[in-house]
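For reference, the structure is listed below as structure tokens.
Note that ligands are numbered from 1 as they come in the structure, with each ligand's atoms numbered from 1 the same way.
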Amino acid sequence: MRQLKLKLLAVAAAAVWTGSVSAQSVEVLHWWTSGGEAAALGVLKKTLEADGIKWNDMPVAGGGGEQAMTALRARVTAGNPPTAVQMLGFDIQDWAKQGALGDLNALAAKEGWDKTVPAALQRFSKYNGKWIAAPVNVHSTNWVWANKAVLDKAGVKDLPKTWDEFMAAADKIQKAGLVALAHGGQPWQEATMFDGVVLSTGGIDFYRKALVELDDKSLNSPTMEKVFARMSQLRKLVDKDFSGRDWNLATAMVISGKAGFQIMGDWAKGEFINAKKVPGKDFVCFRVPGSQGMVSFNSDQFAMFKVGADKADSQMKLAKAIMDPAFQSAFNVVKGSVPARTDVPNKAFDDCGKKGMADLAEANTKNTLIGSMAHGHSVPASIKNAFYDVITRHFNGDLNDKQAVAELAKAAKN
Ligand code: BGC
């Protein structure tokens with residue numbers, strides 16, 4: 001009788017134990033709230049749920065992640081960080097420096113991340129030799145998205161390869177009575193266009209000197225003045241309602257044929273795909289004219305925060321799932337980005353995705369791969385935000401081209 005009682009107790013204990021395992025969960029903070037982004041996030045949620053892990057969603061809308069980072073600071077200050085946080089470049093390093101992030105080294109060693117993740121990403125995923133974040137993708141910012149029917153209607157036969165050809169095509173679209181450039185007037189969106197314009201105007205060495213090394217001579221140069229002159233040209237291509245518009249609503253203008261072009265990172269492709277549009281048929285993707293062969297990249301990584309022992313196992317399962325090659329293919333096909341691993345086949349990707357993968361590989365070998373300033377991969381947030389401010393003030397007519405150059409150089413010194 002006593003033995004039976006003990007047995008029953010053991011069974012009951014096991015049931016409680018299994019119960020607690022199935023109650024495993026992760027809380028994930030992110031800013032993926034547009035249609036395409038939510039669809040991509042759904043792929044990750046489903047993968048985890050299939051693993052028996054509950055997904056507690058913490059979305060904080062706002063492109064570039066500024067609002068998400070503010071929400072994060074509040075949670076960490078309260079001593080209650082989420083399990084994992086979508087994060088960009090220098091922000092990851094900042095949190096690591098503060099000792100807030102966990103240690104993924106055992107998993108990384110077991111899964112061979114050192115060998116499969118490009119060095120340009122590892123520079124942000126590791127701190128003092130320790131893996132602290134799992135990279136889910138590589139995006140790049142120097143892309144143009146165009147509506148094919150609009151180009152046809154406006155009589156734009158060839159895709160523009162130079163800046164002047166781009167301006168000529170934009171002029172034709174305006175003359176056809178349509179908006180040439182779909183844009184949302186938010187600082188991060190203007191900075192995103194700026195990435196591409198700097199590459200196109202000054203080339204890769206200029207970009208590196210000015211926006212990575214913060215070389216004063218490059219910042220304060222005739223080339224930079226030309227960059228701002230080109231930003232002024234772009235300003236004339238947007239519609240009157242651009243102010244404050246979300247990026248995905250600007251993409252929707254291209255999707256619906258109201259506008260011809262959008263200069264935006266390849267998360268825009270996620271919106272086209274989500275709207276069931278086909279690359280090459282309904283829309284086309286090409287590099288910001290003049291920046292062919294160069295890639296300004298940003299990588300969404302999930303920074304893993306220090307969590308209690310009860311959450312450690314599900315956190316590792318999340319990291320493992322993110323780094324799985326099959327998952328990276330499925331996720332990035334929907335997101336518009338390309339895998340953060342070099343060993344994922346391009347088979348499942350559409351033409352823009354295949355081009356993105358090939359461009360990335362080529363830029364990596366030719367040393368024309370560079371961190372996006374607009375998306376936190378060239379300078380820390382304090383300088384990035386000071387740059388945003390100058391670029392936006394200029395775009396809104398508060399600074400002329402010359403003043404903007406001087407202000408940008410000043411901002412780099414802060
Ligand atoms: C992120 C993308 C995201 C985009 C717009 C970028 O900073 O890297 O994943 O889709 O912002 O929200």
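- Remark: the Thr116 side chain and the Trp113 side chain contain no N/O donor-acceptor pair separated by less than 3.5 Å.
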Protein N/O near ligand 1 N/O, under 3.5 Å, which pairs?
unit_1: ligand 1; atom_1: 7 (O); unit_2: His375; atom_2: ND1; d: 2.8
unit_1: ligand 1; atom_1: 8 (O); unit_2: Asn298; atom_2: ND2; d: 2.8
unit_1: ligand 1; atom_1: 8 (O); unit_2: Asp300; atom_2: OD1; d: 2.8
unit_1: ligand 1; atom_1: 8 (O); unit_2: Asp300; atom_2: OD2; d: 3.2
unit_1: ligand 1; atom_1: 9 (O); unit_2: Trp32; atom_2: NE1; d: 2.9
unit_1: ligand 1; atom_1: 9 (O); unit_2: Asp300; atom_2: OD1; d: 3.4
unit_1: ligand 1; atom_1: 9 (O); unit_2: Asp300; atom_2: OD2; d: 2.6
unit_1: ligand 1; atom_1: 9 (O); unit_2: Lys335; atom_2: NZ; d: 2.9
unit_1: ligand 1; atom_1: 10 (O); unit_2: Glu37; atom_2: OE2; d: 2.4
unit_1: ligand 1; atom_1: 10 (O); unit_2: Lys335; atom_2: NZ; d: 2.8
unit_1: ligand 1; atom_1: 11 (O); unit_2: Trp31; atom_2: NE1; d: 3.2
unit_1: ligand 1; atom_1: 12 (O); unit_2: Glu37; atom_2: OE2; d: 2.7

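- Between His139 and Phe297, the gap from one ring centroid to the other reaches at least 6.0 Å.
- In this structure, Arg393 forms no cation-pi arrangement with Phe387, as its terminal cationic atom is not both closer than 6.0 Å to the ring centre and no more than 45° off the ring axis.
- Side chains of Leu399 and Val390 form a contact here, defined as non-hydrogen atoms less than 4.5 Å apart.
- Within a 6.0 Å sphere centred on NZ of Lys354, other residues, nucleotides and ligands contribute more than 12 heavy atoms.
- Aromatic ring pairs are classed by plane angle as parallel below 30°, tilted from 30° to 60° and perpendicular above 60°; the pair Trp188 and His375 is perpendicular.
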